Amino acid sequence: MRKRAVQSKGPAARSGTLTEKLCDAIKGQIASGIYLPGSALPSSRALAEELGVSRSTVTVAFEQLAAEGYVDISQGSRPRVPQSLHRHIPLGNKTRVKIPLKLSAFATRLQTLVPPDRLPRLKADFRAGDISGIDFPEPSWHKAVLHALRIQPKALKYDDPLGSLELRKSLRAYMWRSRGVRCDEHQIVVVNGSQQGIDLCARIFLNASDPVVVEDPGYILARHAFEAIGARVVPIPVDRDGMQTSLLKGVTANLAYVTPSHQYPLGGILPVARRHELLQWATRVGAFIVEDDYDGEFRYDIKPTETLHSLDTDDRVIYLGTVSKTLSPELRLGYLVVPPELISAFALAKRMTDRHSALLQQRAMHAFIENAGFERHIRRARRINARRRTLLLSEVQEVLGDLAEIAGEAAGLHIVLWLNQVSRELEESFVKNAGEHGLGLYGITPFYSDQTRRRTEPRAGFVVGYAALDDVEIRRGIQILRQLQPKPPQ
Ligand SMILES: Cc1ncc(COP(=O)(O)O)c(C=O)c1O
């Protein structure tokens with residue numbers, strides 16, 4: 001605490017004895033929630049030392065506060081704010097002047113881009129993006145974290161903004177083994193999840209009003225990252241195979257964002273001819289392409305999909321990976337592979353954003369990859385999710401039958417479910433109704449940035465994530481969907 005306890009303005013600044021001023025300052029701190037009900041205040045010795053007053057001044061103030069009911073004191077322990085004391089005690093008749101908020105254009109744009117709230121207490125939640133906590137490899141991650149903690153350097157200092165060299169070396173080898181991505185460790189930037197990677201690309205390549213190519217429908221948080229800096233989003237329609245790259249003809253942009261291994265959300269895998277068309281377009285117009293390989297480790301009945309990065313001979317592709325699906329989204333750990341000419345721009349931007357990602361976590365991830373725990377876990381998670389996927393597909397088939405059509409199920413951790421009897425106009429109210437029946441359901445419409453779908457798809461569609469669900473929840477979710485189907489006319 002808090003020299004400002006006695007320096008603060010307001011009640012604490014009124015004239016009076018030192019004890020009175022101290023009492024007022026502590027009351028002010030309790031009222032403003034600095035000390036919550038049940039929490040301990042500093043000891044009289046510590047407070048006296050910090051404020052440079054005598055201990056008896058502090059003791060008398062505490063006794064005064066106790067007499068007024070603001071603190072409980074007992075011999076030998078620190079004074080505590082009583083549990084019963086309401087946090088917001090009115091502070092006299094101080095009036096708050098409303099000052100108009102002056103926010104930046106960035107902050108103002110963000111207010112129009114807020115994601116929907118989570119629904120509480122669901123019987124099943126088909127939200128894509130969540131994964132099961134039960135699958136988390138707690139013992140081997142624990143070991144990796146302990147190992148990282150034991151590496152106690154002599155001095156604690158800032159590291160390279162690109163990330164710890166050891167982790168970048170192990171990521172380099174991991175990406176080569178698992179995704180066929182070949183790069184030098186100096187091309188890797190460790191970031192706080194894909195979102196930071198996308199945000200860095202937005203800031204490095206785009207000014208306000210600059211065009212940026214995105215898939216339509218596409219990943220909302222990428223689109224928002226571009227819109228937040230004022231860029232002009234150019235949506236390119238997606239079909240069952242991914243972005244329709246023939247529609248890039250005549251389009252110019254500095255940047256394009258794509259999910260070629262498993263298009264988000266429709267689930268298509270971009271055919272090789274389209275990949276070449278996309279790369280040729282980028283070379284022609286001088287654009288860079290962000291390849292978001294967010295769930296490339298999960299594929300089922302198909303061969304591993306080659307990355308766009310491995311086809312790129314002109315250094316146009318920035319590869320983006322994350323551990324959000326393979327390990328946990330809570331870790332906020334991702335990695336970019338950038339062309340050599342861009343390394344310094346990324347290093348400067350990452351340094352300006354947050355110096356570098358947390359080193360303890362990077363060391364743990366390095367140990368986790370090196371002791372083979374990561375790939376062992378991915379193999380196991382792939383098996384578990386393959387089972388979940390099989391159950392989901394068979395439940396849809398058995399319970400919904402002709403009422404539904406599945407798309408995008410060959411890879412990743414979500415599918416798209418089209419409901420044949422529900423029109424797209426009813427999608428939003430269907431989602432709401434599902435929520436009221438305890439089912440978290442997410443319509444496809446918000447993933448579209450324009451009216452493309454109006455022309456192509458008359459049915460209601462839903463993005464159905466299954467990686468966080470157990471068998472009971474999957475069955476229950478599909479049963480609820482069955483109950484919500486419109487009744488055929490009598
Ligand atoms: C298309 C896409 N990219 C990336 C991610 C992961 O983002 P992050 O690494 O920021 O957790 C997701 C998560 O659902 C996603 O859907």
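Whatever order the structure lists ligands and atoms in, that order sets their numbers, starting from 1. Given the structure is predicted, the values throughout are model-derived calculations rather than measurements.
Heavy atoms of other residues, nucleotides or ligands lying less than 6.0 angstrom from CZ of Arg177 number more than 12. Counting non-hydrogen atoms of other residues, nucleotides and ligands closer than 6.0 Å to NE2 of His377 gives a total above 12.
A donor atom on one side chain and an acceptor atom on the other are found under 3.5 Å apart for Asn192 and Asp354. Side-chain contact of His356 with Asp159: a donor-acceptor pair under 3.5 Å is absent, judged by distance alone.
Closer than 4.0 angstrom to ligand 1 lie heavy atoms from Gly129, Gly193, Ser194, Gln195, Tyr219, Tyr257, Tyr264, Asp292, Tyr294, Thr322, Ser324, Lys325, Arg332.
Between Arg179 and Asp293, at least one side-chain nitrogen of the basic residue sits less than 4.0 Å from a carboxylate oxygen of the acidic one, meeting the salt-bridge criterion.
At least one test fails for Arg388 against the ring of Tyr466: distance under 6.0 Å to the centre or angle within 45° of the axis.
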